[in-house]
Amino acid sequence: MHLCVSPKFDRRTSAIHKILLVLVSLFLALWVTGCGGAASTQPSLPQAQNQPSQPAPADPAAPADTPSDSGTQSTDTGTQTSQMDNSGSSGIPENANVKKAIQKLPNWEWCTKKLNGHTCAAGEGDATSSMTPDQQDPSLSGQSAKFTLGGNTRYSNALWWKQMGTDKTSKHFVYDLYFYVSNAHAPQALEFDVNQGMDGVRYTWGTECSYRDSGHWDIWNPGAGEWVTTSVRCPEVEANTWHHLTWTLERVDGKVHYISVKLDGKESAVDKYFSAQQHWPGEIVTVAFQMDGNYRQDPYKVWLDNVTLSRW
């Protein structure tokens with residue numbers, strides 16, 4: 001028997017089907033969302049590793065009351081009457097006290113993060129380091145000194161220094177040397193310092209080629225206890241070749257004066273004055289060299305040769 005369905009019933013059924021389809025769709029949407037069906041978030045990429053603040057130039061030869069480095073960098077526009085030619089000419093007089101081949105002298109001393117409980121080379125950990133004198137290759141004089149840096153903690157540093165005796169009279173300094181880097185990508189920075197302590201005052205000329213941070217020469221403001229970025233660029237040097245560095249410095253009226261820097265024949269005026277550090281009991285002149293480790297603490301070597309300090 002053939003059953004006929006009325007058109008009215010057919011239309012009602014169609015409407016019900018549509019309603020059921022809508023309800024089923026809503027139910028499925030809610031179920032998927034509630035079960036974690038929302039788009040999953042991608043795992044975040046590793047964040048860039050922040051390097052520690054730059055360490056203050058240390059003078060461990062004096063009783064260690066080393067200023068902590070705030071890590072801030074600023075500019076300085078102080079002006080002063082220089083006792084040397086601001087053009088950067090060293091103008092070393094014949095009667096200057098000139099000590100050559102300092103890298104050959106015995107009894108270099110060194111430290112890493114701390115020395116006797118006080119901040120020394122700073123950084124995030126204890127580096128490993130060594131100094132080996134009388135190196136013939138590479139060498140310019142036949143007697144270079146090899147310095148190494150290593151360790152297991154990133155951003156760990158090694159400071160090496162040589163005491164040059166007491167000197168209260170010298171006001172002018174020229175720090176001249178050659179350096180040779182095994183891996184130009186490894187150093188976070190290379191630092192070259194001169195210190196003069198006397199009568200409770202410490203004059204520090206701290207200079208740092210800040211390869212991975214500012215890309216410029218940074219200089220130390222001993223009165224404020226902070227690094228100052230200069231306008232003089234200090235690009236990464238070429239590896240496995242000798243580079244000639246000269247800093248011309250002086251003290252004037254209780255201030256340190258950075259006159260100029262010369263790297264591989266290119267001389268740049270710096271001409272910055274800063275107040276000296278007060279309440280420092282040491283009375284000695286030192287020259288220093290610091291190797292800073294990078295974010296992986298990649299090991300590297302630096303040779304120094306013809307290290308000379310002229311003072312008068």
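For clarity, every value in this text was computed on a predicted model and none was experimentally measured.
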**Report entry** CG/N152: more than 12 non-hydrogen atoms of other groups inside 6.0 Å
**Finding:** no
**Report entry** Residue pair W227 / G206: nearest heavy atoms and the distance that separates them
**Finding:** CZ3-O, 3.6 Å
Query raised in the report: Is the shortest heavy-atom distance from the side chain of D292 to the side chain of E208 under 4.5 Å?
Result: yes
**Report entry** With W160 via ring-ring contact (aromatic ring centres under 6.0 Å, His included) - residues at least two apart
**Finding:** W110, F147
Report task. Check the pair L249 / I259 against side-chain contact (heavy atoms from CB on, under 4.5 Å), numbers first and verdict last. Result -> CA-CA 5 Å; L249 314 158; I259 297 174; 6.0 Å; no
Query - Salt-bridge contact K255-D253 (side-chain N to carboxylate O under 4.0 Å) - result: no
Query raised in the report: Between R212 and E236, is the closest basic N to carboxylate O distance under 4.0 Å?
Result: yes
Query raised in the report: How about I102 and V287: do any of their side-chain heavy atoms sit closer than 4.5 Å?
Result: yes
Query raised in the report: Going by an N to O cut-off under 4.0 Å, is there a salt bridge joining K104 and D134?
Result: no
Query - Which atom of P138 lies closest to which atom of S144, heavy atoms considered - result: O-OG, 2.8 Å
**Report entry** With F179 via ring-ring contact (aromatic ring centres under 6.0 Å, His included) - residues at least two apart
**Finding:** F192, H243
Query raised in the report: Where is the tightest heavy-atom contact between A184 and V237, given as atom of each residue plus distance?
Result: CB-O, 3.1 Å
Requested in this report: Quick one: sort the W205 and F173 rings into parallel, tilted or perpendicular, breaks at 30° and 60°.
Outcome: tilted
**Report entry** S156 side-chain N/O to E124 backbone N/O, donor-acceptor pair under 3.5 Å
**Finding:** no
Query raised in the report: Within the distance-only criterion (no hydrogens, no angle test), does the side chain of N195 pair as donor or acceptor with the backbone N or O of V285 below 3.5 angstrom?
Result: no
Query - Within-4.5 Å side-chain heavy-atom neighbours: V302 and M291 - result: yes
Report task. Might you point out which heavy atoms bring S210 and A189 nearest each other, and give the distance in Å? Result -> CA-CB, 4.1 Å
Query raised in the report: Do P187 and V181 touch side chain to side chain, with heavy atoms closer than 4.5 Å?
Result: yes
Query raised in the report: Less than 4.5 Å apart, any side-chain heavy atom of V261 and any of L245?
Result: yes
Report task. Kindly write out the residues that satisfy ring-ring contact (aromatic ring centres under 6.0 Å, His included) with Y211, not counting sequence neighbours, or none if the list is empty. Result -> none
**Report entry** Sole candidate of K99, M164, E250 that passes side chain to side chain contact (heavy atoms under 4.5 Å, CB included) when paired with R311
**Finding:** M164
Query raised in the report: Are the side chain of S129 and the backbone N or O of A158 linked by a donor-acceptor pair below 3.5 Å?
Result: no
